[in-house]
Every structure is written in structure tokens, then in C-alpha cells.
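Shown next, in C-alpha cells, is the structure this report addresses.
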Amino acid sequence: MLPKAYDPKEVEEKISKLWKDKHVFKAEIDETKKPYVIVIPPPNITGALHMGHGLNNTLQDTLIRFHRMNGECANWVPGTDHGGIATQNVIEKKLSKEQKLSRHDLGREKFVQTVWDWYKECGNAIYNQFEKMGWALDQSNIRFTMDEDRAKSVYASFSNLWNKKYIYRGKRMINWCVRCSTALSDIEVEHEQHAGKLWHLRYKMENGSDGVVIATTRPETIFADSAIAVNPKDERYKNLIGKKVRIPLIDRLIPIIADEAVEMEFGTGALKITPAHDPVDYEIGQRHSLETFIVINDKGKMINLPEKYLGMDRDLCRKETVKDLEAAGLLVKEEKYNNAVSTCYRCHSAIEPYLSEQWFVKMDELAKNALKAIEEEKVKFHPANWKGPLTNWLKNIQDWCISRQIWWGHRIPVWYCRHCSEKGLTFTTDKQGKEQLSKVSFEDGAKPIVSFEKPECPQCHGHDTIQDPDVLDTWFSSALWPMSVFGWPEQTKELKYYYPTSILVTGYEIIYLWVARMIMMGLEFQGEVPFKDVLLNGIVRDKTGKKMSKSLGNVVDPLDLTQKYGADAVRFSLLSQSVLGKDIPYGEESIIGARNFCNKIYNASRFIQMNSEGIEGPLELPAKPKELCDRWIISRYNNAIKQASDEIKKYNMAAAADILYHFLWGDFCDWYIELAKQRFDGEDRKEVISILINILYNTLKALHPFMPFITEEIAMSLKKYIKDHKEFLIEESYPAYNPALSDEQAQTQMALLQGVTTQIRTIRAQFNVPPGLKIKVLLNTADRNDLAVIAKYQNYITSMAKVETLEIGSDIAKPKQSATGLHGTTTVYIPLEGLIDFDKEKARLDKELAVIENGIRNRERMLGNENFVKNAPKEQVEKAKNELEQMLLRAQQIKTAKEDLN
RNA sequence: GGGCAGUUGGCGCAGUGGUAGCGCGUCCGCCUCACACGCGGAAGGUCACAGGUUCGAACCCUGUACUGCCCACCA
């Protein structure tokens with residue numbers, strides 16, 4: 001005997017192995033078919049997958065399985081991302097924790113090797129997780145953003161953009177993360193509101209008079225001030241422009257200048273200008289040719305200032321400066337102020353604006369093309385409301401800083417001749433005593449040689465060339481992903497067949513970082529958008545709506561949940577909550593319902609099979625069943641299939657899951673199996689079993705994209721009954737809507753029988769009729785059709801409502817001591833001598849009456865309104881009329897029942 | 001400062017121009033020979049607020065409030 005409860009663990013392991021051994025997910029080009037391609041958003045190799053990956057990939061898997069079952073040549077391309085800064089940080093932490101070493105202790109080469117070793121470990125864990133979740137990825141061909149083919153793509157794209165002069169090197173104010181010690185692009189910076197302070201400081205005049213008071217949030221940068229700026233229109237300061245003031249504490253003289261950028265309303269209307277440490281000040285400095293003083297270095301330590309502060313951390317220096325300013329009587333005011341602090345998206349430490357030479361990509365042309373493609377709907381967004389923000393971003397795009405001063409990533413493919421670039425190259429000795437190129441300056445004469453491999457110098461033909469120390473932004477390789485996975489720049493047959501891909505499924509949080517750039521690169525290099533649709537999934541949050549994070553301790557691990565409840569349950573719970581672009585508050589409770597559903601499917605299948613003993617397959621769905629409930633369930637099944645497919649096509653996975661869930665649990669289990677029970681030993685035994693098994697098998701197919709394991713497992717055990725089955729469900733055709741199976745009449749008639757049954761059950765429950773008690777039910781209806789249906793299928797009612805005797809007629813009077821129920825035109829009377837509580841019955845009837853009378857009022861008002869009768873669609877008017885008629889009748893029946901309370 | 005979402009029964013969420021559904025929870029009754037991860041039944045909502053369009057609005061429009069998110073160089 002099979003166990004009562006479904007145990008997913010064993011089954012999922014078994015099925016997973018089977019899929020793997022039989023290469024079920026192997027993707028092969030089939031020119032006779034339409035390709036359906038999804039390239040996975042490659043997870044970073046920073047650790048195990050989280051719930052966000054769970055949702056994102058499950059959505060992709062559902063689409064892939066669905067489309068493959070619909071006859072398309074489906075290919076879901078797997079891979080991982082090297083994850084630049086994020087991964088480097090993980091490894092640095094690991095090194096420090098396990099061996100108390102920094103990356104500098106290891107040196108560049110060894111460190112990079114360590115990360116490669118980590119990739120083997122972490123990558124495998126991820127690929128293993130793909131399998132555990134049942135994701136139909138072709139794992140025989142895994143890509144990694146750092147592998148050789150992808151490196152070639154990166155080089156091809158770099159040199160191409162270099163030749164077009166889109167890539168250039170420039171000295172700019174960039175975002176510098178002091179902790180990660182690297183430059184970041186503008187979109188890698190997050191803005192947080194911090195409770196900070198605004199200090200008002202006095203800068204005295206050259207002659208020692210009161211001078212000017214400025215407001216600043218960064219008093220530690222006064223040492224790098226080059227000027228005080230005021231708005232030229234500001235009357236308060238007009239006569240001071242051109243004069244000089246002394247910087248507090250160091251007494252260096254700086255001029256008062258006028259610049260439009262100064263807001264008169266903010267603070268005191270006077271702004272200290274620190275060109276080296278603030279982006280706005282930098283621009284002002286440029287406009288006025290101000291001198292640049294640097295007082296904070298790349299580590300966030302203070303330099304070039306009085307010895308007292310030398311080497312201090314910037315935060316400490318701020319405190320000390322304020323203290324000293326106060327002592328000097330130059331601190332005028334200190335007020336609380338919420339300022340926007342820029343932080344690193346990887347480590348969340350405060351960003352330091354930093355002046356340095358970096359590599360950039362010129363974006364205007366690229367953005368223009370992307371904009372055009374998006375506006376022409378070459379790429380469509382689902383939901384569409386992200387189109388606006390994206391186009392807006394593209395319109396205001398800034399050049400992209402692509403160089404990172406870290407070690408893990410694609411090294412910039414630019415080399416320098418030590419001889420010819422001498423003055424532009426700065427070397428330092430690292431901890432291993434090795435000489436390293438630490439700084440490159442084009443301003444000082446470094447001459448770039450763009451090359452994939454170590455080149456000879458084209459000028460002096462020497463071989464003493466050395467590669468740029470920086471690596472590329474990890475998003476640079478990500479931007480090429482939809483092409484690089486197919487071997488671009490080689491025009492491979494894969495690239496030709498699979499590109500552009502069908503759809504990108506990703507989170508809305510990386511639209512600018514990733515989606516936009518893929519579109520730009522795809523257009524630039526392949527002349528075509530990389531995907532036609534973008535499906536944006538939300539963020540999986542904790543059950544209170546907070547973002548899951550390690551520091552909050554609210555992270556749920558998909559692997560844990562999978563162990564506990566099964567991958568199908570995790571998948572189904574995510575899918576049933578996934579509405580386009582919306583975040584999902586995810587609690588463990590939500591998975592339990594899905595687990596229960598798995599159990600329901602399993603038990604229903606087990607029951608059907610238990611009752612199929614001795615029946616030989618194959619069994620086919622009878623073409624024209626006579627029995628009402630047979631016609632009904634087939635029709636309901638057919639409807640469910642149509643609705644579910646339609647919803648999937650619209651990317652409404654939650655709606656599709658819901659439809660199938662309710663069809664299987666409600667219609668199939670609660671009604672059809674229950675009705676079928678009494679026929680297992682009857683003459684139409686084989687027909688009932690055929691319908692049960694075929695409907696079940698087809699419903700499993702329909703559910704397969706959502707919960708692949710359990711459906712596969714059960715389907716396998718049903719194969720002996722199924723004609724023309726495939727070995728695996730993914731190879732089957734997705735069930736199709738068949739108009740011939742629709743049976744409106746059967747649905748109407750069943751609805752009547754179900755309604756009457758429910759009325760009887762309700763009365764039983766309301767009056768606590770003991771379950772074993774034999775009851776008699778009288779059914780009265782004036783409707784001839786209804787009467788005929790009830791008469792013909794009274795066994796449905798007697799069995800489903802557990803009724804001993806049933807009396808049916810069109811002029812049955814209410815018996816004494818009986819309860820009354822109503823469904824449509826049918827009145828249900830159940831004599832309940834000794835059980836009936838008249839007060840309770842009256843209350844029930846009153847309540848029912850109130851609802852109906854309300855309905856009557858509504859409809860009378862509608863029909864009394866000539867505009868409604870005139871303007872509303874005919875069927876609406878008809879409907880209202882019919883409803884009114886029925887309601888009046890029912891009201892009358894309830895009133896009669898109330899009068900007859902005895 | 002600009003933009004985008006959301007506001008529906010205790011909780012989490014669907015929903016559509018014709019009078020509101022699901023899951024969980026709650027309450028009542030059931031170990032009915034597939035399933036107590038179950039079966040049957042019930043209670044519970046003036047769909048944030050104010051206007052407007054319409055014969056009719058939770059759904060469309062305008063505004064307000066609150067919540068969340070994204071973008072932005074007021075130090």
C-alpha cells in the first residue's frame with residue numbers, strides 16, 4: 001500500500017536523476033520549429049541561490065516547459081556571472097575570516113586563482129540547485145561570464161567600441177567606494193536619507209572682520225576649499241564678491257566668487273567650494289579655474305592637512321574639526337539635517353567623490369538607438385509601466401564609467417609599453433615584493449595598445465608591454481550576455497538561430513544596470529534587440545513586506561524549504577503569488593497550501609489507481625459520454641485548459657495556477673470523484689475509469705510547467721492506461737482547448753444539482769443533523785426543465801447530500817417541522833422533527849429574505865430607469881428582468897416558509 | 001524636487017464598467033472505506049477619502065491622504 005502522504009524528497013531525487021540521465025533538457029536546433037529561447041539572468045557566484053532566484057527561474061521554467069509542450073524548439077540557456085565587486089568582497093571576507101589574510105597578502109595572481117577555485121565550488125552548488133528546483137536548463141552547455149568564449153566577446157566589444165571612439169579614458173569626478181577601493185558607475189550608487197547635521201561656519205575676511213557664514217555637511221573638507229561661492233543675484237553678498245576670506249583653522253586665503261549654481265534659499269546662501277571632493281564644486285571649480293586641493297585619499301584617510309588630522313579617518317576628522325571650530329569660535333550653528341548620502345550598492349559605505357582617470361563608454365549614440373527600439377516597441381515590457389522610467393533614463397544618460405580598481409573581472413584589454421609610456425606609468429611593489437603597475441595616466445603620457453594578448457609595442461617594437469591594472473565593470477560582460485552565450489562575435493549557427501531571444505525574465509531592480517545595456521549592445525553589435533519581451537518579476541520579501549537580508553535575519557532559504565516541502569510546493573507557492581511586476585510577501589505559511597495541493601493530487605491519483613485494478617489500457621476519453629457528470633467534468637476540464645493557457649500567454653501565472661488548482665481540487669476531486677465512487681462497481685465502470693484517468697493525465701500535463709516533479713511521477717504510473725503517451729511530460733503536447741468538448745447544458749444542469757445539494761448540506765449543518773441520520777428531502781420547483789433534471793439525476797443529490805429518500809414535485813407543500821432552503825427556482829424542504837430550532841430557522845430565513853429584497857430593489861430601480869432600458873446592452877436588461885422574476889418568486893417562497901414556521 | 005506603484009473581509013492577495021473572489025485564519029459539525037496536508041457548513045467587506053463621467057463605478061477621470069519604490073549635484 002502506498003503511503004498516505006506524498007513524500008516529495010524521494011520522488012524529486014528520482015525524477016531529477018531520470019531527466020538528467022535521459023538528457024531531457026538537451027537543447028538542439030530544429031530548423032523545422034520556431035525557436036523559443038530564454039537566456040538565464042546569470043546568478044552571481046556569491047553564494048547559494050535565494051528566493052528571488054527561485055521566483056525568477058521558476059517563471060522561466062514554466063514558460064520554457066509550456067512553450068516546448070506547444071511544439072516550439074525551446075532552449076533555456078544556463079550560466080552564472082562572475083559578479084565582480086560582489087564576489088571579490090565575498091572572497092575577501094572569507095580569506096580574512098578563515099586565514100586572517102587580505103587579498104594583498106596573497107597578491108593578485110593568487111587571489112584571482114582563489115576566486116576561480118571558489119567558482120568551482122559555488123558554481124557547482126548553483127548548478128546543483130538548478131536541478132533540485134526542476135529547472136529545465138540544458139546543463140550540458142553551461143556558460144560563465146569569465147570563461148574563454150565570453151572573454152572573447154568582451155574583447156571584441158571593447159575593441160569595437162574603442163575603434164569607434166566610444167570608449168575613452170578621462171579624468172573625472174567619479175564615485176569612489178572607499179571600502180571596496182574602486183570606482184563605481186553612477187547607477188551603482190544608492191541614495192539614502194541619513195539623519196545628519198548641517199554646520200554653519202564662519203570664514204573671516206582677510207582683514208579679520210566677520211566675513212561670511214557658510215553651511216556645510218562636510219566640515220572636514222574645509223582644508224581643501226578653493227573658494228566661497230554666492231549667487232550673483234544675492235544682494236546680501238554682492239559687495240563681497242572678489243574679496244578674500246580665511247579658511248578657518250588653517251587661515252589659507254580663498255576668494256569669494258559668484259556662481260549661478262548656488263541656491264540663495266539654502267543654508268546661508270553662501271557655499272564653500274571644494275573642487276576635489278564634491279561633484280558640484282568640481283564643476284564650479286572648472287568654471288572658475290580654481291585650484292584643486294586633495295585632502296582625502298582613496299582609503300578615506302585625511303592627507304595634506306595639519307598634522308593633527310593627518311591620517312585620520314574622514315568621520316573622525318569631521319568630529320575633530322567641528323570640535324576645533326567650536327573652540328575657535330567659528331562654529332556659528334549646528335542644526336539637524338537629513339541629507340542624501342550616496343552609498344556603495346555592494347557594501348553600503350559612504351561614497352567619496354573622487355577625482356581620477358578612468359575608462360568610460362560614450363553613451364549618447366547607443367542610448368539613442370535603444371530609445372528608438374523601445375519607442376517602436378521592438379522590446380515590450382510587462383508590465384508596461386517601466387517603459388517610462390527607462391526611456392527617461394536613456395534620454396538623460398551619462399557616460400558609463402567601466403573601469404574598476406579590483407582584481408576579479410575581465411582585465412581591461414589595453415597594454416602599455418614600459419619604454420614608450422614611461423612617464424604615464426606608476427609602479428609600486430606589492431607585499432610579495434613584486435612590481436605592480438598601480439597607476440596609469442594618459443595625461444602624463446601613457447599610450448594605449450588595445451590587445452587581447454600581450455602585444456609588442458607598435459612604436460619601438462619592444463616586448464616590454466604591461467596590461468592595464470583595472471578590470472571592467474561586471475555589467476560590461478553582462479551587457480553582452482544574450483549574444484556571448486551563443487559565441488558572438490563568431491556568427492555561429494546558434495547565434496543565427498536563437499538570436500534575438502524570445503523573452504527576458506528579470507527583476508525590475510536591474511533595468512538600468514542590465515536590461516538597458518543589453519538592449520544597447522544588442523542593437524550595436526547584432527543590429528537587433530536581444531529579446532522581444534521583458535517580463536519583470538517582483539522582489540520576494542518577507543511576510544511583513546521587508547526586503548530579505550542577512551542583517552535582518554529574515555532570509556528564507558529555498559533549499560531548506562525544498563527539503564521540507566518539496567520543490568513543487570516552493571514553485572507553486574511562488575507562482576500562485578506572482579503577479580506581473582509585483583513584490584511578493586513570502587511566509588512559510590504560503591508554502592503549506594501548495595504542499596497540501598501536492599498531497600491532494602497524489603491522493604486523488606492514488607485513489608483512482610486503487611480503483612482501476614483489473615482494467616487494461618489504453619483507455620481513451622469516450623467521445624460522447626451519456627452520463628451528465630461525465631459530460632460536465634469534460635466540459636469543465638476543457639474550460640480550465642483554455643483559461644489556464646490564455647493566462648499563461650498573458651504571463652498571468654498566478655491566475656493560471658489558480659484555475660488549475662480549483663479545477664482539480666474543486667470540480668474533479670470534490671464533485672467528480674465523489675460521484676464516480678458509486679459507479680466503480682457498475683456497468684459503466686470502464687467508462688468512468690477512462691474519464692478519471694484521462695482527465696487526470698491531461699490535467700497533470702497542464703500542471704506540469706508549474707509543478708514538474710509530482711506531475712511526472714504520477715503520469716509515469718498512469719502510462720499503461722494512456723494511448724500514444726510520451727516518455728516525459730515535457731515531450732507531450734500541452735492540452736488544447738477543444739470546442740467539441742464544451743457542453744453548456746451539462747454545466748447548467750450540474751450547477752442546479754450542485755446548488756440543491758449544497759442547500760441540503762447547509763440545512764444539515766445548521767441544525768446539527770447527525771451525520772448518520774437518515775433524512776427525507778422534498779424538492780419543489782415550478783420550472784419544468786429543472787424538475788426534469790432533478791428527477792433524472794436524483795441519485796446525484798441523494799448520494800452527494802446523503803439523503804435517504806427524496807420526493808420531487810411541482811406542488812409540494814411545506815411539511816410541518818421542516819427547514820427550508822432555496823436554490824434558483826427550487827425549494828428544499830427537510831422535515832426535522834425535534835431537531836429544528838424555529839428561532840434559528842426564522843433568523844436564517846430573515847437574513848436570506850433581506851438579501852433577496854435588496855436584490856429586488858436594485859433591479860426594480862434599474863428597470864424603472866428608462867435610460868438603463870434604453871442604453872444598457874440588451875442581454876443586461878434581459879438578465880435583470882429574469883433575475884427580478886426569480887427573486888420575486890423566491891421572496892414569496894421565503895415568506896410562505898416563514899408563515900408556516902411550525 | 002520629479003516619476004511609478006499600492007490602499008478590497010482578522011492577515012496576505014486576486015479581480016473586472018453590471019453590484020466582490022481566493023488562500024490562510026476564525027466558528028460549527030465530521031477519523032464518511034483517497035487524502036485530518038482531509039470532508040461538509042458558516043460567519044466576516046458601505047472595495048482609503050472627496051468630487052466627476054455613466055443608465056450603472058471597487059473598476060474610468062480629477063483631487064486629497066497615507067504607504068512603498070525608483071530617479072535627481074540644495075551644499
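Small disclaimer: the values here were computed from a predicted structure and weren't measured. Proteins come first, then strands; the chains are lettered A, B, ... in the order of their sequence lines, and each starts at number 1.
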Residue pair A/Tyr203, A/Tyr237: steps toward the ring-ring contact (aromatic ring centres under 6.0 Å, His included) verdict: CA-CA 13 Å; A/Tyr203 284 53; A/Tyr237 301 112; over 10 Å; no

If only side-chain N and O atoms of A/Ser590 are considered, is one of them under 4.0 Å from the OP1 or OP2 phosphate oxygen of B/G12? no

Closest approach to the side chain of A/Gln766, judged atom by atom: which nucleotide of B/G41, B/C55, B/C37 is it? B/G41

May I ask you to say whether A/Asp681 pairs ionically with A/Arg685, meaning some side-chain N is under 4.0 Å from a carboxylate O? no

Is the distance between the ring centroids of A/Trp393 and A/Tyr512 less than 6.0 Å? yes

What I want to check is whether an N or O donor and acceptor connect the side chain of A/Lys600 with the base of B/C35 at under 3.5 Å. yes

B/C11 P sits how many Å from A/Gln577 CD, rounded? 17 Å

Among B/A75, B/A34, B/G18, the nucleotide that comes nearest once only the side chain of A/Ile673 is considered: B/A34

Give a yes or no on whether a salt bridge exists between A/Glu352 and A/Arg218, defined as a side-chain N under 4.0 angstrom from a carboxylate O. yes

Rounded to whole angstroms, how far apart are CD on A/Glu190 and C1' on B/C69? 12 Å

Under 3.5 Å, is there a donor-acceptor pair linking the side chains of A/Thr343 and A/Glu192? yes

Name the nucleic acid region contacted by A/Pro353, choosing base, sugar-phosphate or nothing; use a 4.0 angstrom heavy-atom cut-off, strictly under. nothing

Per-nucleotide protein contact string for nucleotides 21-32 of chain B, where B marks a base within reach and S marks sugar-phosphate only (heavy atoms under 4.0 Å, - for neither): -SS----S----

Please pick, from B/G18, B/G12, B/C37, the nucleotide with the shortest atom-to-atom distance to any side-chain atom of A/Pro585. B/G12

Less than 6.0 Å separating the ring centroids of A/Tyr565 and A/Phe709? no

Any side-chain N or O of A/His191 under 4.0 Å from OP1/OP2 of B/A72? yes

Please classify the nucleic acid contact of A/Val579 as base, sugar-phosphate, or nothing, using heavy-atom distances under 4.0 Å. sugar-phosphate

Is the distance from OP1 or OP2 of B/G12 to the nearest side-chain N or O of A/Tyr586 less than 4.0 Å? no

Comparing A/Thr216 with A/Val189, nearest RNA chain B nucleotide closer to 5' gives the residue A/Val189

Closest approach of A/Thr391 and A/Gly388, non-hydrogen atoms and distance? OG1-O, 2.8 Å

Looking at B/A34, B/G40, B/G18, which one has an atom nearest to any side-chain atom of A/Ala872? B/G18

Other residues, nucleotides, ligands: >12 heavy atoms within 6.0 Å of A/Lys543 NZ: no

For A/Tyr661 and A/Trp665, take the angle between the two ring planes, folded into 0 to 90°, and tell me which bin it lands in: parallel under 30, tilted 30 to 60, perpendicular over 60. tilted

I'd like to know if A/Lys197 and A/Glu334 make a salt bridge, using a cut-off of under 4.0 Å between side-chain N and carboxylate O. yes

NA contact type, A/Cys598, heavy-atom cut-off 4.0 Å: base, sugar-phosphate, or nothing? nothing

Give a yes or no on whether A/Lys677 atom NZ has more than 12 heavy-atom contacts from other residues, nucleotides or ligands under 6.0 Å away. yes

Find which nucleotide of RNA chain B each of A/Leu271 and A/Glu883 is nearest to by heavy atoms, and output the residue with the more 5' nucleotide. A/Glu883

Closest nucleotide among B/A75, B/G18, B/A72 to the A/Lys879 side chain: B/G18

Would you mind classifying the nucleic acid contact of A/Lys847 as base, sugar-phosphate or nothing, using non-hydrogen atoms under 4.0 angstrom? sugar-phosphate

Out of B/G41, B/C73, B/A75, whichever nucleotide has its closest atom nearest the side chain of A/Val280: B/C73

Picking from B/A75, B/C39, B/C55, which would you name as closest to the side chain of A/Phe868? B/C55

Sugar-phosphate only, base, or nothing, as touched by A/Tyr337 at under 4.0 Å among non-hydrogen atoms: sugar-phosphate

Taking only the side-chain heavy atoms of A/Tyr512 (C-beta and beyond), determine which of B/C71, B/A34, B/G40 contains the nearest atom. B/C71

Would you say B/C35 has OP1 or OP2 under 4.0 Å from some side-chain N or O of A/Lys4? yes

Does B/G41 have its OP1 or OP2 closer than 4.0 Å to a side-chain nitrogen or oxygen of A/Arg761? yes

Could you spell out the base pairing of RNA chain B in dot-bracket, with Watson-Crick or G-U pairs whose two distances are under 3.5 Å, [ ] crossing and | to another strand? (((((((..((((....[..)))).(((((.......))))).....(((((..]....))))))))))))....

Respond yes when some side-chain nitrogen or oxygen of A/Asn865 is under 4.0 Å from OP1 or OP2 of B/C55, and no when none is. no

Between B/G40, B/C35, B/G38, which nucleotide has the shortest distance from any of its atoms to the side chain of A/Trp665? B/G38

